[in-house]
Amino acid sequence: MKAVVIGGGPAGYVAALSLKRLGAEVLLIEREELGGTCLNKGCIPTKTIIHSLGLLEKIKNQKIINEINYPNISVDLQTLMQKKDNVVDTQKKGLLMLLKHSGVKIIKSEAELINPQTVFLKETSEKIQADRIIIATGSKPAKLPMLSFDGKKILSSDDLWNLKKIPESITIIGAGAIGCEFAWIFHLLGSKVTLIELMPKILPMEEEDISKEVEKLFKKRKIQFYTGVRIQDLKIFDNSVQITLSNEKILTSEIVLVSVGRAFNTDCIKTSEIKLGNKKEIIVNERMQTNIENIFAAGDVIGNWLLAHVAYKEGEIAAKNAMGDNKKMDYTVIPSTIFTVTEVASVGLKEADAIQKGFNVKKGIFPFRAIGKAHVVGEIEGFIKVIADKDSDIIVGAHIVGADASELIHELAMAVKFKIKINDLKELIHSHPTLSECIGEAIKDISGEAIHKIK
């Protein structure tokens, strides 16, 4: 069976590898760089920058450097970007090697789907016939009517990687995951940062208590933010951009970052036979199958969870079903992680959603500052919140704001996935001294048994 995958990001390359291992002849078409946005412009670059700057920030906060001998430790942007490039290049080389050794044929070209069996390569004007096609073309930064990207003053998250100097000030429009991550990056770089958010809170998709904690941490570090406001007017000058908000506040900064969501890359679809949604996303069923039997889609382009780890799973499901299986995508337990002023992670239901769904909610909350390891590593801010159903004693959601939240969430994700009861999980012994102890205490706090929590 001959299969074509359009797009070499997380969904696409996983789909290609899965197809190959299931016995298909596979052609992977990518117009830019393997790894997609995640590897080249998103997850890996931003986390490399955040980790590097975070190390410097941690050293300063630990007060283990003699300020007389090291009075002006600062960031060299060129060196920092080179570190980021090295990490990305290493990952791309590894991915290329993996695909080639697996026997996946790779073509760099713009691709167009001109009918359900035919893909047109714009670089060579070649038409490729395929038995199965998987579309995994991803997404790109969404635009606002008043804020067209110019790459100089009004920037997308992609444009930021072309900066040659650290701006003195930056206004970020959109305080979701991307906006808050870049707010932290530019704060650590020394820029004056201001966030603008239409919704009533920053990180509007997160648990209420988590958003409040991040807002508190931003205020502590003098990162300004305005929530529940719209942009009324915008003026671009030679050396600055002036924004007038709906609350009549006027903001002036050197550059503006627009991070208001993503638009879906469906330009490759030149046939009207594939059904698209209102936002031009590809409509698929739980098997990742489009309305055309032999065409599947996965990743950002289907408009569900815009997360690389979800795209991995969707790509795998699409490939298996393209080869005749009957797998279904399960979105009920998806861990979500954000890397900002501190890490944020969540899985399962928020407290308000659990109540709305009829659960008899009970919860446990435990602060990191109450355990020894948090003080050892110098990161005592934040807490873990666990939500359970009182009637069944089962964990239905968990939310973390604090050090290593992105790693800690998976123990709780497993609890939600496999419907582990509170009384069973609280018997688990966590090693000391670890941040994981905070999970054990949060679990025990549901029944008022947390040892290290002051009542």
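All residue numbers refer to positions in the sequence shown, counting from 1. Reckoned from all heavy atoms, side chains included, excluding hydrogens, waters and symmetry mates.
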D300 vs S139, test: side chain to side chain donor-acceptor pair (under 3.5 Å). Steps then yes/no.
CA-CA 6 Å; D300 283 9; S139 64; 2.7 Å; yes
Quiz item: Just by distance, with hydrogens left out, do E213 and H399 show a side-chain donor and acceptor under 3.5 Å apart?
Solution: no
- Determine yes or no for a side-chain-to-main-chain donor-acceptor pair under 3.5 angstrom, with N321 supplying the side chain and N326 the backbone. yes
CG (L27) and CD1 (I106) are apart, to the nearest 0.5 Å, by 9.5 Å
Output yes when E351 and K363 qualify as a salt bridge under the 4.0 Å nitrogen-oxygen rule, no when they do not.
yes
> Do L257 and T171 touch side chain to side chain, with heavy atoms closer than 4.5 Å?
Replying inline: no
Here the gap from C180 atom SG to L195 atom CG, rounded to the nearest 0.5 Å, amounts to 5.5 Å
* Asked: Is the count of non-hydrogen atoms from other residues, nucleotides or ligands lying under 6.0 Å from K426 atom NZ greater than 12?
  -> yes
**Asked** Are side-chain heavy atoms of I338 and E206 found at a separation under 4.5 Å?
**Response** yes
- prompt: Hey, are the side chains of V256 and S253 touching, using non-hydrogen atoms and a 4.5 Å cut-off?
  reply: yes
Step through the shown structure and confirm whether more than 12 heavy atoms of other residues, nucleotides or ligands are within 6.0 Å of CE on M1. yes
Are there over 12 heavy-atom neighbours, none belonging to M199, within less than 6.0 Å of that residue's CE? no
Ion pair check, K212 and E215, cut-off under 4.0 Å: no
| query | Taking everything shown except K143 itself, do over 12 heavy atoms lie less than 6.0 Å from its NZ? | reply | no
task = Answer yes when K350 and E207 have at least one side-chain N-carboxylate O distance shorter than 4.0 Å, and no when they do not.
result = no
Would you say D131 and N294 make side-chain contact, with heavy atoms under 4.5 Å? no
Exercise for review: Using a strict 4.0 Å threshold on nitrogen-to-oxygen distance, state whether K201 and E197 make a salt bridge.
Suggested key: no
* Going by an N to O cut-off under 4.0 Å, is there a salt bridge joining K92 and E30? -> no
Full working for salt bridge (Lys or Arg N to Asp or Glu O under 4.0 Å) between K152 and D159: CA-CA 8 Å; K152 296 177 182 178; D159 295 324; over 6 Å; no
Heavy-atom side-chain proximity of T194 to F225 below 4.5 angstrom:
no
- Query: Is there side-chain contact between E33 and K108, with at least one heavy-atom pair below 4.5 Å?
  - Reply: yes
Q) Are there more than 12 heavy atoms of other residues, nucleotides or ligands under 6.0 Å from atom NZ of K417? A) no
Only one of I420, I387, I443, V333 passes side-chain contact (heavy atoms from CB on, under 4.5 Å) with L412, and that residue is I443
Identify whether the distance between the nearest side-chain nitrogen and carboxylate oxygen of E286 and K327 falls below 4.0 Å.
no
Look at K58 together with E379 and state whether they make a salt bridge at an N to O cut-off of under 4.0 Å. yes
Rounding to 0.5 Å, atoms CZ (R287) and CZ (F296) come to a distance of 5.5 Å
### Message
Within a 6.0 Å radius of atom NZ on K270, are there more than 12 heavy atoms belonging to other residues, nucleotides or ligands?
### Response
yes
### Sub-4.5 Å side-chain heavy-atom contact between V119 and K127
no
(message) More than 12 heavy atoms of other residues, nucleotides or ligands under 6.0 Å from CD of Q129: yes or no?
(response) yes
> Would a 4.5 Å heavy-atom cut-off, applied to side chains only, mark P200 and T227 as touching?
Replying inline: no
With under 30° as parallel and over 60° as perpendicular, where do the rings of F182 and F186 fit, or are they tilted in between? tilted
Point to revise | Salt-bridge contact D209-K385 (side-chain N to carboxylate O under 4.0 Å) | key: yes
